[in-house]
Amino acid sequence: MVITWNEIIELNDRVRENNLDYKIHLSDACGGQSMWIESLKADNSFEDLDVLNKLIEDYFTEIKAEIVYSWDKKSFWMKDRSF
């Protein structure tokens, strides 16, 4: 499955609607896609990252995609992508 820019825009809209100070970015390179989370907080903290990760997981479940997080849960990619 390929994630579109429109899906990232929709996901970021949901992040804003839930008053979470983050932005999801899409990196689309020849090796595959990955997404990463930017904190928009003044102190660059990730204190409510678990809430954001749940929102992200729910969104991708809704569009019938499964994601895998990096060890710090600040980056993720589609499950079928191998590293």
Side-chain angles (χ1 to χ4, degrees):
M1 175 174 202
V2 175
I3 299 303
T4 66
W5 294 109
N6 287 339
E7 289 165 333
I8 295 299
I9 291 167
E10 163 123 9
L11 180 55
N12 277 311
D13 287 345
R14 291 184 186 195
V15 170
R16 277 189 301 281
E17 289 167 4
N18 283 274
N19 298 313
L20 295 168
D21 293 326
Y22 298 101
K23 183 173 183 180
I24 310 302
H25 295 274
L26 173 65
S27 297
D28 196 1
C30 58
Q33 294 180 309
S34 63
M35 285 131 298
W36 58 278
I37 300 167
E38 175 187 11
S39 173
L40 302 177
K41 300 171 192 236
D43 63 355
N44 197 35
S45 69
F46 286 86
E47 63 199 30
D48 52 358
L49 186 59
D50 289 340
V51 174
L52 175 64
N53 289 151
K54 174 73 170 118
L55 184 144
I56 291 169
E57 290 167 19
D58 289 348
Y59 177 76
F60 280 97
T61 297
E62 184 179 312
I63 65 168
K64 309 235 185 307
E66 192 172 351
I67 59 170
V68 176
Y69 284 102
S70 62
W71 66 272
D72 62 0
K73 297 214 175 211
K74 295 177 186 173
S75 299
F76 55 97
W77 53 90
M78 303 308 298
K79 186 173 184 174
D80 61 309
R81 179 177 175 192
S82 59
F83 275 96

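Along the sequence shown, residues are numbered consecutively beginning with 1.
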_Distance in Å, Glu38 CD paired with Ile24 CD1, rounded so as to fall on 0.5 Å steps_ = 9.5 Å
*Residues in ring-ring contact (aromatic ring centres under 6.0 Å, His included) contact with Tyr59, at least two apart in sequence or another chain*: none
*Is there a side-chain contact between Met78 and Ile67 (heavy atoms, below 4.5 Å)?*
yes
*Identify the heavy atoms of Trp36 and Ser75 that sit nearest to each other, and give their distance.*
CB-OG, 3.8 Å
*May I ask you to test the Glu62-Arg14 pair for a side-chain heavy-atom distance under 4.5 Å?*
yes
_Asp21 side-chain N/O to Leu40 backbone N/O, donor-acceptor pair under 3.5 Å_ = no
*Non-hydrogen side-chain atoms of Lys23 and Val15 separated by less than 4.5 Å*: no
_Would you say that more than 12 heavy atoms from the other residues, nucleotides or ligands in this model lie under 6.0 Å from the CG of Asn44, or not?_
yes
*Would you say Phe76 and Asn53 make side-chain contact, with heavy atoms under 4.5 Å?*
no
_Distance-minimising heavy-atom pair for Ser45 and Ser39_ = O-OG, 2.7 Å
*Taking C-beta and beyond as the side chain, do Ile56 and Ile37 meet within less than 4.5 Å on heavy atoms?*
yes
*asked:* Taking the side chain as everything from C-beta on, heavy atoms only, tell me whether Phe46 gets closer than 4.5 Å to Lys41.
replied: no
*Salt bridge present between Lys54 and Asp58 (N-O < 4.0 angstrom)*: yes
*asked:* With a 4.5 Å cut-off on side-chain heavy atoms, are Leu49 and Leu52 touching?
replied: yes
*Check whether the side chains of Ser70 and Asp72 place a donor and an acceptor atom closer than 3.5 Å, and report yes or no.*
yes
_With heavy-atom distances below 4.5 Å as the criterion, would you say the side chains of Val51 and Leu55 are in contact?_
no
*Calculate, to the nearest 0.5 Å, the distance between atoms OG and CG belonging to Ser34 and Leu26 respectively.*
7.5 Å
_Assigning hydrophobic clusters by single linkage (Ile, Leu, Val, Met, Phe, Trp, Tyr; side-chain heavy-atom cutoff under 4.5 Å), is Val2 placed with Leu11?_
no
*Rounded to the nearest 0.5 Å, what's the gap from NZ on Lys79 to CZ on Phe60? Could you check?*
15.0 Å
